[in-house]
Amino acid sequence: NKPMYMTIMMLASLLVLILAIQQTYTLTITIDECSGSMAKFSTNPEYASWNIDSSYNRGFFHINFTNPNLLAGAVALQPSVLRFGGGGNDFLEYAPPGHQCQPIPDNDNYGCLNMTHFEQFYAMVNSSNSKFLFGLSFNKTGTCIDKQNYKWNASNAEEMIAFLAAHQDRMPIYAFELGNEVNNQQIQCSLKPEQQGAAFEVLQGLLLKYFPSADSRPLIVGPDSGYLNPQTWLTGLLKYAGSKVDFHAVTHHVYPGVTTQNYNDPATLNRVLNDIAWYIPIIQEYGNGAQVWAGENGPHGGGEDGTCGTNSACGTFATTLWYADTLGLRAKHGFSQFQRQDLIGGRYGLLGIPHDNEFLGPTDSLTVHPDFWIMYVWKRVIGSRVLNASIAENVDDNVRVYAHCGKPPSPNAVTSESTNIGVVIVNLGGTQSRNVSLSQSLSFSIWTLTAKDGNVFGMDTLINGKLMPGEISTGRIEQDLTNLAPPIVGKGGQSISLPPDSITFGTVVMKDAPSVCM
């Protein structure tokens with residue numbers, strides 16, 4: 001009977017397909033020291049950090065920074081560098097004592113930073129053990145009026161710098177930036193990189209004037225280039241200013257475009273390698289020893305209203321795969337700092353507030369987005385010294401592995417042993433589980449993040465099968481990872497199971513730890 005035969009064959013083919021999908025792979029992870037330029041490289045202790053953008057449509061002027069739930073979220077991610085920067089910072093007017101802002105309501109193209117709001121903001125940052133990186137306005141309104149003749153008017157910035165210098169005992173500033181993605185206006189407003197470079201020279205002069213002691217003088221970070229011809233802009237700016245301005249770090253912004261359609265595609269996660277290929281050599285040649293930073297990074301550009309566009313995966317578990325992977329990948333290529341856009345505001349924030357309102361009152365609850373848990377666990381498990389981790393059998397690039405050593409930076413680190421190895425293993429296989437073994441391991445403790453019920457486009461996160469809090473409403477969040485989600489413990493020779501679309505963090509005791517970890 002031909003129809004029955006065809007049915008049997010189709011069922012047999014389907015069974016083979018199902019078995020192929022469900023089968024597991026045992027991969028061996030090898031960990032050793034990095035070589036060449038990466039030998040003995042360490043990230044900054046605050047490597048995984050966060051930003052807050054003053055843009056009107058991100059809610060900055062309507063966020064009550066005394067909110068205890070917001071503080072609890074920030075404290076859980078200590079230590080960090082807060083980058084106060086983004087598109088909105090280029091439209092700010094500062095109102096330190098004696099300065100009266102223009103009588104203009106806050107809007108998308110203007111904001112008045114009054115000192116009451118600023119001091120509440122600073123207090124929240126300071127209470128969360130975060131360093132304050134202040135992004136100064138380059139005045140994007142003025143740039144498009146004067147165009148190629150534009151020169152940065154530093155008068156209002158100088159007022160703010162003078163105020164901060166006078167109060168540095170209680171409000172120290174870690175570093176200043178100047179301008180946000182100025183290169184994106186280079187065609188529209190006929191700008192050249194030398195104009196931003198000259199502004200940095202002026203900024204350096206102000207810092208020397210108001211902070212005569214090098215020990216307390218804020219650092220200079222920049223130029224925070226965006227997507228439009230960044231290679232040409234960065235090269236031109238650093239050729240002009242790299243030997244004149246003492247850049248502590250050079251920054252560039254990347255949004256790889258993670259969506260519901262490509263969130264677990266290795267090619268999407270590898271897009272950053274195209275930027276790394278040109279970015280690091282420029283800094284090495286013209287940056288005069290500056291650190292390499294990822295200055296502003298999110299899964300997808302926020303757009304005017306912060307929605308992350310069509311097919312958005314922002315705020316869902318799907319973007320955790322990208323976030324964990326890019327933290328590991330960039331550290332492996334020599335990035336000292338990674339600034340996530342952002343802690344709060346817009347759909348891609350680590351914490352969520354009501355949208356189309358973007359308002360946070362003094363006691364309002366906050367939504368916890370899944371990416372929050374990536375930074376939370378990273379801080380507690382992963383140290384600063386970068387190692388080389390590899391999988392010989394990993395032919396499809398769907399299992400990604402990174403390794404560090406050293407004591408993790410959080411005061412609630414899961415280990416105090418610098419010789420323990422912290423690993424991050426990302427399984428991009430949407431339907432395939434994998435097994436991995438850790439070469440030379442004596443024991444391990446792991447925490448695996450998965451989406452509840454496999455719904456990667458939902459907001460519920462499991463760690464070792466335990467549901468994580470979806471909101472902060474009581475002014476506190478559990479600081480001890482081992483209490484929040486007890487680890488799965490294993491001994492050498494045991495394999496680790498990687499569920500589909502999962503991230504596994506682990507701390508590993510090895511027979512012979514790399515010498516750089518001693």
Classify the angle between the aromatic ring planes of [X] and [Y] as parallel (below 30°), tilted (30 to 60°) or perpendicular (above 60°).
X	Y	result
F84	F118	tilted
W378	Y47	tilted
F176	F134	tilted
F338	Y323	tilted

What about the rings of [X] and [Y], do their centers lie closer together than 6.0 Å?
X	Y	value
F247	Y286	no
F335	F41	no
Y227	H253	no
F132	F121	yes

Output yes when a side-chain donor or acceptor of [X] lies under 3.5 Å from a complementary backbone atom of [Y], and no otherwise.
X	Y	value
Q337	E46	yes
N311	T260	no
D501	A318	no
H117	L113	no
S55	N57	no
D146	K151	no
S80	S130	no
K332	N388	no
H252	S225	yes
Q186	L228	yes

Working to the nearest 0.5 angstrom, can you tell me the gap between [X] [atom1] and [Y] [atom2]?
X	Y	atom1	atom2	answer
S502	L428	OG	CG	9.0 Å
N184	K140	CG	NZ	6.5 Å
N51	I344	CG	CD1	13.5 Å
N67	D364	CG	CG	6.5 Å
L82	M124	CG	CE	7.0 Å
L351	S365	CG	OG	12.0 Å

R83/D224 ion pair, N-O < 4.0 Å | yes

Short N-O contact, E119 and R170, less than 4.0 angstrom = yes

So, [X] versus [Y]: side-chain donor-acceptor pair below 3.5 Å or not?
X	Y	result
Y240	Q196	no
N89	S54	yes
N180	D90	no

Any heavy-atom pair between the side chains of [Y] and [X] that's under 4.5 Å?
X	Y	answer
E93	H99	yes
Q341	Y255	yes
F163	Y94	no
W278	P230	yes
W373	T320	no
F200	V202	no
I374	F505	yes
L70	L366	yes

If you take all heavy atoms of [X] and [Y], which pair is closest and at what distance?
X	Y	value
M115	P97	CG-CD, 4.0 Å
V81	L133	CG1-CB, 4.0 Å
D108	F91	O-CD1, 3.9 Å
F317	T461	CD1-OG1, 3.9 Å
F138	G179	CB-CA, 3.6 Å
A76	R380	O-NH1, 3.0 Å

Evaluate side chain to side chain donor-acceptor pair (under 3.5 Å) for N64 paired with T66, printing each intermediate quantity in order.
-> CA-CA 5 Å; N64 189 311; T66 68; 2.4 Å; yes

Take H333 and L329 through the test side-chain contact (heavy atoms from CB on, under 4.5 Å) and record every step on the way to the result.
-> CA-CA 7 Å; H333 283 85; L329 186 63; 3.7 Å; yes

Selection residues 79-125 - residue pairs positive for disulfide bond (SG atoms under 2.5 Å apart), sequence neighbours left out |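 Every disulfide bond (SG atoms under 2.5 Å apart) pair that includes a residue of residues 79-125, provided the two are not neighbours, is C101-C112.
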
Cationic tip of R400 above Y402 ring, under 6.0 Å, 45° of axis = no

Intermediate values then yes/no, side-chain contact (heavy atoms from CB on, under 4.5 Å), H248 and W293 = CA-CA 10 Å; H248 172 69; W293 280 27; 4.2 Å; yes

Pick one: which of V272, L273, T268, N274 meets side chain to side chain contact (heavy atoms under 4.5 Å, CB included) with N270?
-> L273

Tell me, yes or no, whether the heavy-atom count around Q100 atom CD, taken from other residues, nucleotides or ligands under 6.0 Å, exceeds 12.
->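 Not buried by this count: 12 neighbours or fewer within 6.0 Å.
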
Take atom NZ of K407 as the centre, draw a 6.0 Å sphere, and report whether it contains more than 12 heavy atoms from other residues, nucleotides or ligands.
-> yes

Pair R340-D371, salt bridge (charged side-chain N to carboxylate O under 4.0 Å, His left out): steps then yes or no | CA-CA 10 Å; R340 171 62 191 265; D371 281 358; 2.9 Å; yes

Go through Y279 and V254 one step at a time and tell me if the side-chain contact (heavy atoms from CB on, under 4.5 Å) criterion holds.
-> CA-CA 11 Å; Y279 180 49; V254 174; over 6 Å; no

Give the intermediate values and the outcome of side-chain contact (heavy atoms from CB on, under 4.5 Å) for residues N262 and W322.
-> CA-CA 10 Å; N262 64 14; W322 159 80; over 6 Å; no

